[in-house]
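Some notes on the structure that comes next.
Note that the structure is predicted; figures quoted are calculated from it, not measured.
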Amino acid sequence: MDCYTANWNPLGEEAFYRKFELYAMEWSLKEDLRDCLVAAAPYGGPIALLKNSGRKEKSPSARPLLEIYSASGLLLASIPWKSGQLVHLGWTASEDLLCIQEDGTVLIYNLFCEFKRHFSMGNEVLQNHVLEAKVFHTEYGTGVAILTGAHRFSLTTNIDDLKLRRMPEVPGLQKPPSCWAVLSQDRVTIVLLAVGQDLYLLDNTSCSVVTPPGMSPAAGAYLRMAVSFNYRCLALFTDTGYIWMGLSTLKEKLCEFNSSIRSPPKQMVWCMRPRSRQRAVVVAWDRQLMVAGNSTECIQFVLDEDSYLVPELDGVRILSRTSHEFLHEIPEASQEIFKIASMAPGALLLEAQKEYEKESQKADEYLREIKDQKLLPEAVSQCIEAAGYEHEPETQKSLLRAASFGKCFIDKFPPESFVRMCQDLRVLNAIRDYQIGIPLTFTQYKRLTIEVLLDRLVLRRLYPLAIRICEYLRLSEIQGVSRILAHWACYKVQQKDKSDEEVAHAINQKLGDTPGISYSEIAARAYDCGRTELAIKLLEYEPRSGEQVPLLLKMKRSKLALSKAIESGDTDLVYTVVLHLKNELNRGTFFMTLQNQPVALSLYRQFCKHQERKTLKDLYNQDDNHQELGNFHVHSSYSEQRIEGRVGALQNAVDAYYKAKNEFAAKATEDQIKLLRLQRHLQEDFDKPYLDLSLHDTVSNLILDGHHKRAEQLYREFKIPDKRYWWLKISALATRGDWEEMEKFSKSKKSPIGYLPFVEISVKHHNRYEAKKYAPRVTPEQRVKAFILVGDLDQAADAAIEHKNENEMNFVLSKCTASTDVAVVEKLNRARAQLLKK
Amino acid sequence: MSPLDRIANVSILKQHEVDKLYKVENRPTSSTSDQFCFLVRPRIKTMKYIADIINADKMAGRSRKYKIIFSPQKFYACEMVLEEEGVFGDVSCDEWSFYLLPLDDDIISMELPEFFRDYFLEGDHRWINCVARALQLLNSLYGPFSKAYGIGRCAKMSYELWRDLEEESESDSQGRKPEIGNIFLMDRDTDYVTALCSQVVYEGLVDDTFRIKCGSVDFGPDVTSSDKSIKVLLNSQDKVFSQIRNEHFSSVFGFLSQKSRNLQAQYDRRRGMDIKQMKNFVSQELKGLKQEHRLLSLHIGACESIMKKKTKQDFQEMIKTEHSLLEGFDIRESTSFIEEHIDRQVSPIESLRLMCLLSITENGLIPKDYRSLKTQYLQSYGPEHLLTFHNLKRIGLLTEQSPGETLTAVESKVSKLVTDRAAGKITDAFNSLARKSNFRGISKKLGLIPRVDGEYDLKMPRDMAYVFSGAYIPLSCKIIEQVLERKSWLGLEEVLRLLNGNEFSVTESAGEDSPAWESQRIILTVFLGGCTFSEIAALRFLGKEKGYKFIFLTTAITNSARMMEAMIETKA
């Protein structure tokens with residue numbers, strides 16, 4: 001602990017930088033890194049190596065080998081590279097490997113070297129080839145920028161939503177730029193390039209020459225440029241060994257440094273930490289590493305072997321054949337505590353705790369000193385914070401112990417920050433283990449978020465660790481454990497060596513009905529791997545039948561899909577399947593399938609009724625449903641304009657009805673045909689519209705127009721019941737006012753409806769005179785009513801008295817008015833009295 | 001009035017820059033607007049209309065923006081039609097999940113009149129999902145229902161689907177206090193008889209005569225005794241209406257004249273007032289009185305108009321026939337009354353209604369009558385009704401007694417069906433579309449025809465039969481009464497057998513920790529396929545008697561005419 005600051009290197013007055021080893025690399029490389037194409041993903045991500053890439057294929061056996069390692073150098077996967085010449089490797093934000101070929105094709109692999117997909121950067125790139133390429137990350141996603149052989153730039157800002165942009169030409173550019181970089185400013189992606197002593201800025205539409213402020217004119221030609229992790233800062237290295245550091249907007253210079261090394265560096269990257277004022281770049285040559293910042297001095301390291309720099313959010317990782325190191329600026333909290341002779345509260349607290357362990361009274365002295373300044377809470381917070389920045393668990397522990405010790409002397413110190421830090425460190429230490437190999441710093445971890453970290457663990461198929469972390473952090477099941485289990489299941493279905501039953505069973509055993517698990521998603525994955533049977537088995541576990549349907553359809557298990565859809569009770573889903581089936585199966589099979597599914601059939605019929613009437617007919621035909629077929633023909637007869645067409649359709653209906661053994665309907669339809677034909681004749685003969693009238697109305701109209709013969713003819717032909725005919729005729733005659741004819745008719749034979757209707761209809765047409773003629777002929781039971789209708793109360797009274805019916809008498813009485821009908825009232829009263837006597 | 005008017009009337013829409021409103025029809029529009037927004041029910045026919053409009057615009061080289069808003073939800077088949085008509089790319093679609101329209105304090109309508117035909121005739125289950133979602137919505141607003149009863153296939157399916165939805169959504173309604181204690185779901189086909197009867201309570205009569213649409217009625221010139229019609233909102237806000245809506249028509253006139261005397265008396269108080277009192281009167285009471293006066297004269301006008309219509313058509317005669325059909329007396333006489341009704345072309349809808357009532361009370365017509373009545377009907381009202389009869393047969397409203405099949409034979413068949421229903425909810429859904437009504441047996445078991453000694457006092461009703469002049473207790477309401485009384489279906493096995501079963505009762509809250517008494521008195525009655533104002537009046541009466549509070553949720557308000565119209569096959 002005493003030599004804790006031994007690896008601290010001061011830069012200027014305030015800043016210290018340290019470099020420490022993350023891992024001793026396990027990969028035992030035979031090649032030099034300089035002979036490989038290297039790409040390491042940020043946030044402690046995996047490392048991709050393409051060996052032998054430098055040598056142009058001399059023999060087929062010397063095919064380049066693509067290998068992917070964890071950050072600790074454990075081999076994750078490797079494949080011999082069989083595709084075209086690779087120019088560049090890069091990682092996407094979701095840790096997929098982008099392999100950019102000379103012809104502009106970009107192949108995407110996952111971190112187990114499994115091919116995912118590919119896309120092309122366009123024809124222009126294909127023709128002119130790729131000279132250089134860069135992979136960059138912006139808020140839009142992962143982008144790729146290409147410098148073609150024609151010295152033109154092409155780029156896309158998001159490979160998942162591919163839109164190729166060809167940047168404008170740089171005027172007079174004859175040779176490739178000495179260096180270039182992609183910048184992202186205000187959501188616009190631009191390219192900065194250097195040619196000799198000139199800097200050019202390419203945006204979407206134009207190319208402009210720019211000059212960094214405060215650049216000394218004698219600086220010389222640009223050799224390297226570096227953009228910081230957050231795109232805010234830019235560093236330029238010239239052939240005089242001069243380094244300009246400023247904002248990437250090129251509006252302000254931050255500092256400069258003269259390295260007096262003229263040879264071009266191999267790499268130059270920024271080394272900063274968020275919320276720190278210190279800016280520094282790390283420049284690497286073959287055997288030398290330099291940290292330069294706002295100071296005339298710089299920090300120099302000797303490189304024993306070929307190294308590769310990986311810029312990170314809060315530092316730089318340095319890869320070499322044997323080791324993996326991290327170089328970063330010491331955060332303020334750590335400085336305060338560990339700086340030699342520091343009197344900061346955190347430092348004192350750490351000291352106090354150490355003394356306390358030694359059972360020395362000095363502990364109290366230190367503690368008192370902090371308490372006197374009332375800085376104990378700060379001291380605790382400082383220790384907690386500093387613990388986060390430490391890589392060694394021992395140091396973490398001693399800091400946390402100090403914090404815990406200090407906490408005891410404070411009333412109500414909120415425990416969250418301490419507990420949180422303990423948890424976070426536990427998670428970080430677990431993933432930093434060389435077996436896992438994700439050397440995330442605390443700052444990176446917070447930026448990445450736990451969700452993304454879990455995704456990355458899942459991506460590495462480290463399911464048990466991911467689940468344990470979820471459980472340890474008590475994440476909700478849906479975003480935690482069940483999500484991971486679902487991913488596990490999706491991976492599990494790809495294991496081809498196990499039988500469908502085994503896999504399905506294993507998955508169900510582990511997953512059960514954990515909330516938030518979608519079996520249909522897992523099944524979809526199984527289907528994608530070509531395991532249809534397994535997918536179907538898995539779908540059986542899906543409780544929501546609605547979720548099963550789309551996949552079943554995709555797998556062409558339409559009939560199963562249909563019954564599942566019906567089970568779900570969601571008609572929309574049924575429709576989806578039915579209309580899908582319609583296109584998939586031939587008509588016959590389609591209809592047969594529907595026959596067994598009444599719900600689906602009725603839905604489809606509804607659809608056909610409006611949209612495909614012909615299909616409806618076929619449907620009934622297939623089914624031998626003659627009744628419906630008859631109805632169908634009747635229906636279609638309405639849309640026929642010409643009488644012949646209509647008769648034809650109706651004739652079809654008649655045939656169908658006979659086949660359906662529905663004689664009633666057949667007869668009725670035959671009658672309709674007969675009526676139609678007759679109506680046409682009538683229409684021709686009388687030049688009046690008769691079509692579409694009902695039989696009743698047809699006859700009625702004939703009488704109204706005085707065609708009594710024709711009416712009579714219809715009455716006989718259609719066997720109109722007498723009652724109806726009489727009703728119809730007298731009301732038509734009354735409407736016509738043909739009272740003479742009515743009287744004649746009344747005498748033609750005995751009325752089947754009695755004579756009350758005659759009275760009623762005459763009264764209705766305000767003809768009391770006529771009405772009176774019929775009243776006496778009304779049957780005795782109804783006579784009272786008839787006389788009252790015609791207004792002859794006297795006769796009504798007589799009739800009632802004759803019947804000796806009290807109710808009738810009362811009824812008549814109620815119609816009498818005292819003033820005018822005195823005689824009648826008297827008569828009735830007398831009769832009533834008599835009746836009562838008896 | 002349309003449901004939209006109840007939510008956002010024309011002036012509100014205009015404020016939001018709606019230029020003009022059109023009805024979606026099979027007609028080209030002449031609008032010059034460059035944006036059309038179609039607010040429609042998801043019907044295939046409507047889609048065709050819209051497609052025609054768009055295609056006509058395309059032909060004319062006119063470009064507009066089109067948006068279709070489906071209410072309450074979008075159906076895949078609709079999109080399919082748009083696609084087949086080649087306009088899918090021209091429109092953007094949206095959904096308006098509008099399920100419940102409160103018509104009154106205690107009536108919620110889903111305004112889905114097509115539910116009846118679609119489900120009961122066509123066997124189309126598409127609206128069940130909407131019912132389930134409506135229940136889900138009510139559940140989320142008022143907490144879980146502690147007890148659920150239901151009868152009918154559709155009721156069962158709706159209930160189960162709703163449970164599934166609840167489970168899927170995992171909403172935390174568990175801890176909520178239930179505000180609605182009971183829910184009772186009933187299929188319309190459990191009781192067609194009640195819906196087929198002429199209504200004689202005031203609200204029902206107004207509906208039968210003038211058609212209440214969305215809780216509002218258009219009173220024509222014959223009612224308003226002026227030359228224009230007036231739109232009146234009929235609900236509990238209307239002080240006059242709220243007092244007479246549930247009354248038997250015979251007592252309404254008396255009430256109205258009493259009311260007008262009271263009103264006059266209040267007006268008369270003006271005499272002998274000093275200036276100050278007068279000022280008070282004018283500022284506080286006059287407006288209310290005037291309003292009441294206006295309503296009173298409207299309702300009196302409506303009554304007169306109803307009276308005129310009813311006496312003209314021998315309403316008494318018809319009611320008598322209906323009553324004998326319900327009681328099962330003088331069937332021959334009723335049959336010939338119906339025949340005459342048809343022969344005289346009184347009204348196609350009424351004739352059809354009487355035929356159905358005859359069939360359903362008699363468990364089908366005897367073959368001779370079945371043929372002759374149908375023939376008569378076709379002759380009177382046109383041959384296209386052949387298809388109407390087919391529909392009525394399918395739905396079981398107008399059927400033929402199978403020769404040789406006695407009632408017991410039917411019963412045994414039915415009971416077999418009941419035991420077979422484990423075969424799965426779907427298959428049995430279609431086997432028995434046209435089922436036997438068994439009305440006579442049910443009526444006897446439940447005592448639907450009250451025994452009356454002397455006159456039934458309609459002013460002081462004793463039971464729910466008053467809504468049908470004391471002649472018949474509505475079956476649907478009787479079932480609800482019985483189940484609520486027993487708190488289960490126990491003891492009703494015989495009736496259930498005759499009703500074709502499919503009943504259920506579920507107790508939600510596992511622990512019987514005596515849920516709030518208040519909520520236990522509240523019953524949400526769900527009518528699938530519509531309910532009538534007579535049923536509402538009867539249950540309101542029951543509620544008053546037994547201390548329940550009924551809330552009605554119906555797919556639509558219906559009556560006999562609407563039901564018949566839904567069955568009629570139009571030429572178009």
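Both the backbone and the side chain of B:Phe75 have a heavy atom closer than 4.5 Å to some heavy atom of chain A. With a 4.5 Å cut-off on non-hydrogen atoms, B:Leu378 touches chain A through its backbone and its side chain both. At a 4.5 Å heavy-atom cutoff, the contact between B:Lys74 and chain A is made by backbone atoms alone. Heavy-atom distances place no part of A:Lys764 under 4.5 Å from chain B, backbone and side chain included. For B:Ser372, no part sits under 4.5 Å from any heavy atom of chain A, backbone or side chain.
Residue-environment remark: CD (B:Glu333) stays at or below the threshold of 12 foreign heavy atoms within 6.0 Å. In the displayed structure, A:Lys674 atom NZ is contacted under 6.0 Å by more than 12 heavy atoms of other residues, nucleotides or ligands. Annotation: A:Arg677, atom CZ; neighbour count of heavy atoms from other residues, nucleotides and ligands within 6.0 Å does not exceed 12.
At a heavy-atom separation below 4.5 angstrom, chain B is approached by A:Phe664, A:Ala665 within residues 658-667 of chain A.
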Side-chain donor-acceptor pairs of residues 713-724 of chain A under 3.5 Å, sequence neighbours excluded:
| from | atom 1 | to | atom 2 | distance (Å) |
| --- | --- | --- | --- | --- |
| A:Gln713 | NE2 | A:Glu717 | OE2 | 3.2 |
| A:Tyr715 | OH | A:Asp722 | OD1 | 2.5 |
| A:Arg724 | NE | B:Gln376 | OE1 | 3.3 |
| A:Arg724 | NE | B:Gln379 | OE1 | 3.2 |
| A:Arg724 | NH1 | A:His696 | ND1 | 2.7 |
| A:Arg724 | NH1 | B:Ser380 | OG | 2.6 |
| A:Arg724 | NH2 | B:Asp343 | OD1 | 3.3 |
| A:Arg724 | NH2 | B:Gln376 | O | 2.5 |
| A:Arg724 | NH2 | B:Gln376 | OE1 | 3.1 |
| A:Arg724 | NH2 | B:Ser380 | OG | 3.2 |

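A distance-only check finds a donor-acceptor pair linking the side chain of A:Asp572 to the backbone of B:Tyr76 [under 3.5 Å].
The distance from atom CD of B:Glu569 to atom NE2 of A:His635, rounded to the nearest 0.5 Å, is 3.5 Å. Considering CG of A:Asp671 and CG of B:Leu386, their distance stands at 10.5 Å, rounded to 0.5 Å.
Here the side chains of B:Gln345 and A:Asp697 are in contact, with some heavy-atom distance below 4.5 Å. B:Leu387 places none of its side-chain heavy atoms less than 4.5 Å from the side chain of A:Phe632.
Counting heavy-atom pairs closer than 4.5 Å to chain B, the top residue among A:Val699, A:Leu603, A:Leu579 is A:Leu579. Chosen from A:Tyr725, A:Tyr575, A:Trp727, the residue pairing most often with chain B at heavy-atom distances under 4.5 Å is A:Trp727.
Note on A:Arg605 versus B:Glu122: no salt bridge recorded, every NZ/NE/NH1/NH2 to OD/OE distance being 4.0 Å or above. No salt bridge links B:Lys48 with A:Glu612; every basic N to acidic carboxylate O contact stays at or beyond 4.0 Å.
For A:Tyr657, there are no ring pair (Phe, Tyr, Trp, His ring centres under 6.0 Å) partners at least two apart in sequence or on another chain. Evaluation of the ring pair (Phe, Tyr, Trp, His ring centres under 6.0 Å) rule for A:Phe607 yields no partner, not counting sequence neighbours.
Across every non-hydrogen atom of B:Gly382 and A:Ser694, the tightest pair is N-CB, 3.2 Å.
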Residue pair A:Lys582, B:Glu84: steps toward the salt bridge (charged side-chain N to carboxylate O under 4.0 Å, His left out) verdict: CA-CA 14 Å; A:Lys582 188 182 130 195; B:Glu84 284 189 6; 3.7 Å; yes
